[in-house]
There are 2 protein chains.
Amino acid sequence: MPDLLTIGELSARSGVAPSALRYYERLGLIRADRTGGNQRRYARAELRRVAFIRISQQVGVSLDEIREALDSLPEARTPSPQDWARLSASWRSRLDERIRLLTKLRDDLDGCIGCGCLSLQRCTLNNPEDTLAGEGPGARLVLPRPTDAPTPAGSLS
Amino acid sequence: MPDLLTIGELSARSGVAPSALRYYERLGLIRADRTGGNQRRYARAELRRVAFIRISQQVGVSLDEIREALDSLPEARTPSPQDWARLSASWRSRLDERIRLLTKLRDDLDGCIGCGCLSLQRCTLNNPEDTLAGEGPGARLVLPRPTDAPTPAGSLS
DNA sequence: CCTTGAGTTGAAGTGCACTTCAACTCACAC
DNA sequence: GTGTGAGTTGAAGTGCACTTCAACTCAAGG
């Protein structure tokens, strides 16, 4: 019943590089048993964890947040389908928001291309309602970083 | 007619930090004239360039590619609305693809949550064939993030 | 003039998500 | 027993997109 996987096997089946798997382990996202010779051996259940990690990344979640989510799984037993469903569902609104923003961007872009004003002005592209009218040299509220931002810019013309 | 902007003004109007504007200049994404005292003075047209940069980033384009796109603008004259429309339109398919993948991910996630299998197996979530069928250097799955899978994603269970 | 806030520079630092490297050990087929 | 490919480690490196810092200069109002 053990049926453990080596790091190479887990890598092959998950599509994630061995170096990345070791990295995930350091961050506490996955775990492995060790053989007498100190080599990692993964339970099949780790496959789901890795899959969940990759999916979460596609949703735009950081490894740190993914770790938090994974920490909420029961430690005592192997997570049930329901456990995984709960976690995955927790990203749902995030995904929706991302899709919404991207779709809005597309529509705005189409509008701009159509009217020719291109890149803002009366476009809603930037500045939905003139937030940050008078910030100082720290009017930072643009893209936070890797994620797509809910970032209104100032009036641009 | 000149009506030049200081870096602080451009920053305030674009919502981009002065340090980022200097960084963009170093990369050749924007340009500035200089006063006798060596301070930057931006033509209003630079506002559109900055806006284009931020929009492009939201689409998921790297600064390097944005630079390439901007390089295609006419140098002789101030870019026309049509010039900007052309550039923006060039990201359209990218945006569409991103939206499509994210939407597919959402649907797959819903399906998995519904059936309880969660995280792939017969799910299309970790789909091989569909997207990235055996690319070389760049088998990027979804987000144009850092390197993805060196090994082709295999069956996950 | 003087003060003060805004601007200048190059170099170094940051955060994320990994990858690469060197030096070494394991597991296993022959 | 031995060769070979797979695995181990910590430390350092990578790429991107910036930010921070120190030391200094500029621009403009009073």
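Bear in mind the structure is a predicted one, so any value in this text is a computation, not a measurement. Letters A, B, ... are given to chains in the order of the sequence lines, protein chains preceding strands, and every chain is numbered from 1.
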(request) Identify the two heavy atoms, one from B/Glu25 and one from B/Ala32, that lie closest to each other, and give their separation to 0.1 Å. (result) OE1-CB, 4.1 Å
(message) Give the residues of residues 24-34 of chain A touching DNA chain C, defined as any heavy atom closer than 4.0 Å, sorted by residue number.
(response) A/Tyr24
(request) Among B/Arg77, B/Arg49, B/Arg48, find the one that has a salt bridge (Lys or Arg N to Asp or Glu O under 4.0 Å) with B/Asp83. (result) B/Arg77
(message) Check the phosphate of D/dA17 against B/Arg54, side-chain N and O only, distance under 4.0 Å to OP1 or OP2. Yes or no?
(response) no
(message) Just the rounded figure in Å: distance from C1' of D/dT19 to CD1 of B/Ile7.
(response) 13 Å
(request) Would you name the heavy atoms of A/Leu10 and A/Ser14 that are closest together and state the gap between them? (result) O-OG, 2.7 Å
(request) Check whether any side-chain N or O of B/Ser72 sits under 3.5 Å from a backbone N or O of B/Ala69 as a donor-acceptor pair, and report yes or no. (result) yes
(message) In this structure, how many angstroms lie between the C1' atom of D/dC18 and the CD1 atom of B/Ile53, rounded?
(response) 13 Å
(message) Quick check for you: among C/dC18, D/dT19, D/dG7, whose closest atom lies nearest to any side-chain atom of A/Ala20?
(response) C/dC18
(request) Report yes if some heavy atom in the side chain of A/Arg67 is under 4.5 Å from a heavy atom in the side chain of A/Leu70; otherwise report no. (result) no
(message) I need the CG-C1' distance between B/Leu21 and D/dA17, as an integer number of Å.
(response) 13 Å
(message) To check you understand the geometry: which heavy-atom pair defines the closest contact between B/Ser56 and B/Trp91, and what is its length?
(response) OG-NE1, 2.7 Å
(request) In whole angstrom, give the distance that lies between atom CG of B/Leu5 and atom C1' of C/dG7. (result) 15 Å
(message) Side chain of A/Ala17 only, heavy atoms from C-beta on: which candidate in C/dT19, D/dC18, D/dT19 is closest?
(response) C/dT19
(request) Indicate for each nucleotide in nucleotides 20-30 of chain C, in 5' to 3' sequence, whether protein heavy atoms under 4.0 Å reach the base (B), only the sugar-phosphate (S), or nothing (-). (result) B-----SS---
(message) Counting only side-chain nitrogens and oxygens, does A/Arg40 get under 4.0 Å of the OP1 or OP2 atom of D/dT8?
(response) yes
(message) In this structure, how many angstroms lie between the P atom of D/dA12 and the OH atom of A/Tyr23, rounded?
(response) 17 Å
(message) Pick the closest DNA chain D nucleotide for B/Leu63 and for A/Glu9 by heavy atoms, then say which residue is nearer the 5' end.
(response) A/Glu9
(request) Output yes when a side-chain donor or acceptor of B/Gln58 lies under 3.5 Å from a complementary backbone atom of B/Ile55, and no otherwise. (result) no
(message) Distance check needed: C/dC18 P versus A/Ile66 CD1, whole Å only.
(response) 9 Å
(request) State which residues pass side chain to side chain donor-acceptor pair (under 3.5 Å) with B/Arg94; sequence neighbours excluded, sorted by chain then number. (result) B/Glu65
(message) Can you give me the closest heavy-atom contact between B/Arg31 and B/Glu46, atom names plus distance?
(response) N-OE1, 3.0 Å
